[in-house]
Amino acid sequence: MTRIVYADNAATTSTAPSVVKAMLPYFTELYGNPSSLYTVGQEAREGVDHARQQVADAIGALSSEIFFTSGGSEADNWAIKGIAHALAAKGKKHLITSAFEHHAVLHSMEALQKEGFEVTLLPVYENGLVKPQDVADAIRPDTALVSIMYANNEIGTIQPIPEIGAICREKGVLFHTDAVQAIGMVDIDVKAQNIDLLSLSGHKFHGPKGIGALYCRRGLRFPNLIDGGAQELNRRAGTENVPGIVGLGAAIQEATADIPGRTARIQAMRDRLIDGVLQIPRSRLNGDRQHRLAGNANFCFEGIEGESLLLMLDAKGIAASSGSACTSGSLDPSHVLLAIGLPHEIAHGSLRISLSDVNTEEDVDAILEALPPIVERLRAMSPLWER
Amino acid sequence: MTRIVYADNAATTSTAPSVVKAMLPYFTELYGNPSSLYTVGQEAREGVDHARQQVADAIGALSSEIFFTSGGSEADNWAIKGIAHALAAKGKKHLITSAFEHHAVLHSMEALQKEGFEVTLLPVYENGLVKPQDVADAIRPDTALVSIMYANNEIGTIQPIPEIGAICREKGVLFHTDAVQAIGMVDIDVKAQNIDLLSLSGHKFHGPKGIGALYCRRGLRFPNLIDGGAQELNRRAGTENVPGIVGLGAAIQEATADIPGRTARIQAMRDRLIDGVLQIPRSRLNGDRQHRLAGNANFCFEGIEGESLLLMLDAKGIAASSGSACTSGSLDPSHVLLAIGLPHEIAHGSLRISLSDVNTEEDVDAILEALPPIVERLRAMSPLWER
Amino acid sequence: MAYSEKVMDHFSNPRNVGEIVDADGVGEVGNPKCGDIMKMYIKVDGDVITDVKFKTFGCGAAIATSSMATELVKGKTIQEALQLTNKAVMEALDGLPPVKVHCSVLAEQAIKSAISDYYTRKGIDPTPIVGPIEDCEACHLH
Amino acid sequence: MAYSEKVMDHFSNPRNVGEIVDADGVGEVGNPKCGDIMKMYIKVDGDVITDVKFKTFGCGAAIATSSMATELVKGKTIQEALQLTNKAVMEALDGLPPVKVHCSVLAEQAIKSAISDYYTRKGIDPTPIVGPIEDCEACHLH
Ligand SMILES: Cc1ncc(COP(=O)(O)O)c(C=O)c1O
Ligand SMILES: Cc1ncc(COP(=O)(O)O)c(C=O)c1O
Ligand code: FES
Ligand code: FES
């Protein structure tokens with residue numbers, strides 16, 4: 001069997017064994033409903049409370065400001081649709097976001113557009129960064145919300161969130177950030193950075209899939225996305241996913257315990273990878289080299305289409321991606337690469353390699369060994385190459 | 001340590017060891033993103049597809065009609081709000097439900113009422129049953145949806161769903177049923193029973209918490225609750241909760257493999273329990289004795305408040321509930337018991353015991369031994385007793 | 001929910017449960033609609049509360065606050081008993097969950113109500129001494 | 001996604017990759033905006049396609065359908081090659097995922113386009129023989 005090199009940690013990560021271990025008792029022993037009075041319910045409640053504190057600590061929030069959701073997409077939908085609907089009543093029907101947000105944000109915005117909201121899509125420029133000044137210029141008296149992602153999921157660029165937060169606070173406009181890719185990679189402090197709402201998702205930092213959270217600044221009130229029972233302070237109904245919540249708590253604590261140490265190790269591997277890959281002629285790195293997530297490398301190779309590249313890498317035991325995971329299977333080129341100004345044929349041909357703690361120098365070696373001959377082979381087949 | 005008798009299986013169930021076993025590989029080995037092309041993603045995809053077929057088979061649906069959600073509450077919200085919004089465009093702004101639905105249904109209806117929808121709440125009568133004729137009488141030309149639960153979560157009464165389904169089909173009105181409590185306890189066939197939409201939740205039949213599904217008849221189109229990536233045929237965004245989905249599939253297959261055999265065993269214990277408890281003077285069984293879930297017993301004891309009863313049972317190692325789990329901590333009496341006509345002071349004092357496969361005759365013995373002296377003790381303290 | 005150990009102790013082993021047949025004052029507060037009723041009986045000698053008993057229909061906190069309140073006023077003078085606040089009851093119990101604060105209010109009122117009855121029986125208008133006994137706020141939310 | 005084994009075989013070991021320098025007909029279909037371009041070269045002797053080669057920029061299915069299409073027409077007469085449908089290519093590959101059907105359409109069109117070129121070079125109007133070569137439907141959705 002070929003050794004598997006999993007290099008798609010931006011799509012999802014393996015659940016850490018320590019996280020699985022923390023979760024296990026909650027399936028078969030501490031399986032009570034946290035809303036129940038009796039002991040087995042209260043034990044589950046303690047697990048949930050503890051995890052809520054872990055999440056709060058990781059981003060500088062209060063535990064009462066953390067609401068568990070089924071993942072990043074739900075958190076994005078809830079924050080954006082909720083704030084929009086709450087402020088529409090006050091005549092604020094304008095929303096600001098960027099052109100290269102995750103589809104959970106963009107499609108929520110589109111759904112609101114259909115309801116009559118107006119959406120401004122800010123440009124992101126060739127370096128993959130939003131300009132704070134553009135945010136300031138776009139804000140109007142009827143602006144309800146600014147939503148700018150903390151770090152992009154395809155090209156890994158880290159946005160100037162503290163600057164944008166300061167602008168929004170000064171102008172009195174609410175600010176949401178999709179921090180799904182940033183947790184454990186960037187120092188996040190929602191208070192210091194003036195963030196009003198923040199989405200996160202467990203499976204991006206070795207926590208379980210299907211669990212996430214919305215941080216929502218104290219006092220902010222907006223309609224629920226999921227109505228029903230009194231869970232999550234009456235704001236998100238549904239019996240709590242206790243093992244998932246406990247796993248999320250354990251994972252976020254591990255991921256944020258030593259961010260500088262964690263990212264230094266990952267970034268060293270990533271930098272060697274970038275330098276090696278850019279030896280391939282007519283290859284390029286997409287997105288700013290400095291302001292980028294420690295584990296992210298996103299390349300284009302002229303004359304090559306992305307899916308073929310991935311399949312050939314898979315045949316060598318290397319798991320990577322082209323565009324984002326949730327749009328593969330679609331024929332569309334990456335909206336992110338189009339947003340930073342790449343032409344269509346190149347936006348079809350990107351390769352994202354995303355590393356995490358679990359990767360090793362051997363993984364980097366394996367990629368650097370496998371990739372050049374595959375690129376060569378595909379180029380030899382390509383009618384676009386050398387013409 | 002006291003032996004624990006868990007008798008609150010309507011609130012949530014322990015996850016079956018076989019289910020946990022089925023889930024485990026998907027945390028640390030088959031952890032890929034199902035949307036990814038490469039092998040580790042496709043293995044996860046197979047797990048999801050297999051589970052979708054298991055869920056479909058359990059209710060007589062096609063696998064393409066099953067959409068995974070984060071639980072019963074999300075499924076209820078999505079179905080009700082989605083259909084309401086889709087049909088409002090056609091001038092249909094009337095909804096029908098019953099007075100004793102789960103809060104996920106009732107509060108979704110209330111949210112729609114605030115948006116201008118009209119909601120008819122059907123009565124449920126002393127036996128805890130909705131009358132099909134009432135549904136027929138309530139349907140109007142502008143009725144968008146009828147939503148009646150398959151079985152009530154507090155008093156366990158099983159509604160005449162096939163009759164209601166036939167009426168809705170005949171009148172051309174969409175029919176949703178919250179079957180969260182009914183799965184594995186009642187034979188459900190969405191085609192034969194003319195069900196257009198059905199909600200279910202894994203943790204009620206020894207599957208994991210935080211995962212559920214909405215069955216949605218082929219061809220039915222309505223807005224998403226959670227927009228974003230292309231998962232679930234573009235209808236429910238978010239990276240799939242793969243372990244949860246696999247666990248849901250395994251659990252529903254086990255729960256529905258032999259419903260008559262499963263319920264016969266549970267019902268025999270339950271009936272002995274009811275007969276024993278009704279020996280207590282001035283006690284009553286709430287809800288129809290025949291049309292009720294095999295595991296459900298719901299009692300009132302005159303002069304006694306519910307929470308005290310539960311705490312004293314807990315001290316004896318018995319976990320049971322009063323009202324539904326998600327409203328404990330609230331001061332309100334059970335809306336279900338009020339709906340079947342009980343006065344407030346009695347609606348504060350119910351005891352729900354809900355049994356499942358994991359319970360034993362010893363559990364019944366333990367409850368029958370512990371309960372009478374507790375009732376007596378609380379009555380001795382009660383200013384409402386014997387006056 | 002999560003009650004403190006003190007609450008659980010007073011719930012599981014409530015002090016002063018029962019009735020005083022020849023009580024000098026009896027008070028009842030709460031109502032069955034809210035799910036809580038407390039009835040307090042006091043025996044007074046001079047101005048000292050020599051005995052106190054209660055009967056309560058209600059949640060764990062209602063029983064525990066009844067028990068604690070009776071303990072706190074037993075042997076005290078009426079003047080001291082009238083100083084008893086729901087906060088003092090809560091503190092003596094190491095706190096209560098927010099949704100259960102109203103139960104401690106009920107306990108305070110039950111004591112006051114029994115003292116009122118004591119004055120009324122003696123032909124003294126209790127209002128200037130005891131003050132008005134208002135319904136618990138939570139009660140009004142229903 | 002989940003390609004069949006046949007697709008993966010033709011993707012991993014594509015048959016007839018390359019160019020024919022002295023081709024009798026060359027066709028190119030698709031466009032880079034869609035992410036798929038196929039270029040086919042044929043060599044014709046009498047009315048038999050004696051050799052065929054392709055170059056493809058595109059996904060796994062695009063490469064596999066190119067490979068299979070060239071296999072299916074090699075050694076056939078032009079008339080037989082014109083009968084080749086995208087369905088036949090798909091069947092020969094044991095099927096394709098729904099989003100990838102358009103790739104088989106491209107392969108069919110690439111063959112037709114090369115034959116068209118062959119007739120054009122011979123001074124024969126290809127349209128009555130080959131028919132119009134329409135863009136793939138999926139292509140227009142963009
Ligand atoms: C009848 C009914 N509907 C809906 C729900 C909500 O399901 P979940 O807690 O999985 O969101 C429950 C249980 O909590 C229920 O019993
Ligand atoms: C930036 C970003 N936002 C949102 C999401 C959605 O998160 P989830 O899949 O947990 O719903 C993802 C990943 O899928 C992401 O990368
Ligand atoms: S006494 Fe009724 S709620 Fe306080
Ligand atoms: S060739 Fe462009 S999508 Fe079919």
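Predicted model only: the values in this text are computed from it and were never measured. Quick note: numbers below take in every heavy atom, side chains included, and nothing from hydrogens, waters or symmetry partners. A, B, ... follow the sequence lines: proteins, then strands. Residue 1 opens every chain.
For B:Glu126, the CD atom is loosely surrounded, since the number of other residues' heavy atoms within 6.0 Å does not exceed 12. For C:Lys74, the NZ atom is densely surrounded, since the number of other residues' heavy atoms within 6.0 Å is greater than 12. Heavy-atom contacts from other residues, nucleotides or ligands closer than 6.0 Å to CD of B:Glu118 number more than 12. Counted within 6.0 Å of CD on B:Gln113, heavy atoms from surrounding residues, nucleotides or ligands total more than 12; the atom is thus considered enclosed. Annotation for C:Glu5: atom CD does not count as buried by contact number, only 12 or fewer foreign heavy atoms lying within 6.0 Å.
Proximity to chain B (any heavy atom under 4.5 Å) is shown, for C:Ser66, by neither the backbone nor the side chain. Contact annotation for C:Ala61: only backbone heavy atoms (N, CA, C, O) come within less than 4.5 Å of a heavy atom of chain B. Contacts between B:Ala347 and chain C at a heavy-atom distance below 4.5 Å are absent for every atom of the residue. For B:Ile304, the part lying under 4.5 angstrom from a heavy atom of chain C is the backbone only.
The structure places CG of C:Asp36 at 7.5 Å from NE2 of B:His348, a figure rounded to the nearest 0.5 Å. Between the OG atom of C:Ser12 and the CG atom of B:Asp314 there is a distance of 10.0 Å, given to the nearest 0.5 Å.
What you find for B:Ala380 and C:Lys55 is that their closest heavy atoms are O-CE, 3.1 Å. Closest of all the heavy-atom pairs between B:Met312 and C:Phe11 is CG-CZ, 3.5 Å. Heavy-atom minimum distance, B:Ser382 versus C:Phe57: OG-CB, 3.9 Å. Between B:Ser308 and C:Cys59, the closest heavy-atom pair is OG-C, 3.4 Å.
B:Glu307 places a side-chain N or O within 3.5 Å of a backbone atom of C:Gly60 that can act as its donor or acceptor partner.
With a 4.5 Å cut-off on side-chain heavy atoms, C:Pro14 and B:Arg377 count as touching.
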